[in-house]
Structure formats: C-alpha cells, structure tokens
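Quick notes on the structure that follows.
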Amino acid sequence: MQVRKLTSAALLIAIGTLSAHLIYIPAGVSKCFPVQHAINVLGAVLLGPDYAVAIAFIISCLRNMFGTGSLLAFPGSMIGALLAGLAYKRWQSIPAAMAGEVFGTGILGGLVAWLIASTLLGSKAVAWFFIPPFLVSTIGGSIIAGLLLKSGLLSQLKMKAGK
C-alpha cells in the first residue's frame, strides 16, 4: 500500500516538475502554474493532506533548482494543498477540495506571497497584486483536477492508492 502511494506521489511530482516550463501564467514577479493547482487537488483527494503538502513542497524545490519557479511557489502551493487535503478529509467531496485549494492558494497564498515579496524580495507591490493571478491560476487548475476526478479516469488509481 505504501509503495503505491509513494509511486503515485512521485508521478505527480514528475508531472508537476516537467510541466512547469510548459504551462504558466506570468504575473509580475511570480509565475502561476495551473497544473500545480490541479496536482494539489489530485494529491489531496487521492493521497491525503500530508502527501499533498509534501508533493507541493518537492515540486516547488525542484522548480526553484531548475530555474522555472520562484520563492513565491512555496506559499501558494503548500497552503493550497494543505487546505484542499483537509477539506477533502473533512467532507469527502471533490468540490470541497477544490474550494480548499482556491482559498488556500488564491487568498491565503497570495497574502503570504505578498509578505515574502515585500520582505525578502524588496517588492513594492500591494497585496492585491498577487491575489488575482493566484486566483485565476488556482481556479483553472482546480477545475482541471475536478474534471479529471469526476471523469472516473483516475478512479482505478484512487482505489489502488487505498482510498
């Protein structure tokens, strides 16, 4: 069982890392990745909140090492993954996981990204500069994940992962 979960997590990490330079929305000092948000929801639903946060952290680290991400990749992806996982765990509902991802990344992640940008990166941008692009990206990614999960395409993976 554990090997299947680790393998599924590794697959999501590979997809998130490899897609980073292919699909993104440039937004000032940050880059928004809808695929990352889809992976957050998929990881939350298929593997749980702990795996979802670990997946988001590892993808953010790899994107930064490969030069396709920024420090702002950490707060949005990790907070969104955590809230998506907790919402799914509490309500066992894909829309709840999607809402957790959107609120966690779009609102909370955007505010934390503003704090990081203003203190560490010296940005003079206001908080509202980060929230709209984060929201656009996370809503798009959450919809992608919701459609994949509702389609039944991943139901066999979900069963095999022990959910």
Side-chain angles (χ1 to χ4, degrees), residues 5 8-20 22-28 30-64 68-117 127-155 157-158 161-163:
K5 287 181 96 170
S8 298
L11 180 64
L12 291 174
I13 291 167
I15 292 168
T17 303
L18 294 174
S19 69
L22 300 176
I23 304 170
Y24 69 91
I25 302 164
S30 71
K31 294 178 183 175
C32 301
F33 295 87
V35 174
Q36 173 66 54
H37 307 296
I39 289 171
N40 285 351
V41 175
L42 292 173
V45 170
L46 298 174
L47 303 170
D50 50 349
Y51 274 88
V53 172
I55 290 166
F57 176 76
I58 293 169
I59 291 172
S60 296
C61 285
L62 290 170
R63 283 180 25 209
N64 275 280
T68 60
S70 71
L71 284 178
L72 305 179
F74 289 96
S77 65
M78 292 173 62
I79 295 169
L82 176 64
L83 290 185
L86 293 175
Y88 186 78
K89 187 175 183 178
R90 168 70 172 90
W91 288 287
Q92 295 294 307
S93 160
I94 294 169
M98 293 167 63
E101 167 64 23
V102 169
F103 181 73
T105 297
I107 305 298
L108 297 179
L111 290 173
V112 173
W114 169 71
L115 286 173
I116 290 172
W128 305 118
F129 176 78
F130 293 97
I131 293 174
F134 278 38
L135 278 172
V136 168
S137 182
T138 192
I139 289 170
S142 296
I143 290 170
I144 291 167
L147 291 173
L148 281 171
L149 290 165
K150 291 284 187 181
S151 73
L153 186 64
L154 302 173
S155 61
L157 177 62
K158 186 177 177 182
K163 287 273 179 177

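For clarity, every value in this text was computed on a predicted model and none was experimentally measured.
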If every non-hydrogen atom of [X] is compared with every non-hydrogen atom of [Y], which pair is closest and at what distance?
X    : Y    : value
I59  : G16  : CD1-CA, 3.8 Å
A87  : G100 : CB-CA, 4.5 Å
L72  : F134 : O-CZ, 4.3 Å
A52  : A81  : O-CB, 3.5 Å
I144 : A38  : CG2-CB, 4.1 Å

Any chance you could measure [X], atom [atom1], to [Y], atom [atom2], to the nearest 0.5 Å?
X    : Y    : atom1 : atom2 : value
L12  : T17  : CG    : OG1   : 10.5 Å
I55  : I13  : CD1   : CD1   : 5.5 Å
N40  : T138 : CG    : OG1   : 7.5 Å
I143 : H37  : CD1   : NE2   : 12.5 Å
I79  : L82  : CD1   : CG    : 8.5 Å
I39  : L46  : CD1   : CG    : 11.5 Å

Heavy-atom check, side chain of S8 versus side chain of L47, under 4.5 Å: yes
Pairs meeting criterion side-chain hydrogen bond (donor to acceptor under 3.5 Å, both in side chains) with involvement of residues 90-99, two or more places apart: none
Within residues 47-56 or reaching into it, pairs that qualify as side-chain hydrogen bond (donor to acceptor under 3.5 Å, both in side chains) - sequence neighbours excluded: Q2-Y51
Listing, residues 102-113 side-chain donor-acceptor contacts under 3.5 Å, not counting sequence neighbours, or none:
from : atom 1 : to   : atom 2 : distance (Å)
T105 : OG1    : G76  : O      : 2.7
T105 : OG1    : E101 : O      : 3.4
T105 : OG1    : E101 : OE2    : 2.9

S77 and F57: CA distance, side-chain angles, deciding distance, side chain to side chain contact (heavy atoms under 4.5 Å, CB included) verdict: CA-CA 7 Å; S77 65; F57 176 76; over 6 Å; no
Donor-acceptor contact below 3.5 Å, side chain S137 vs main chain P133: no
A73 backbone acceptor or donor facing S60 side chain under 3.5 Å: yes
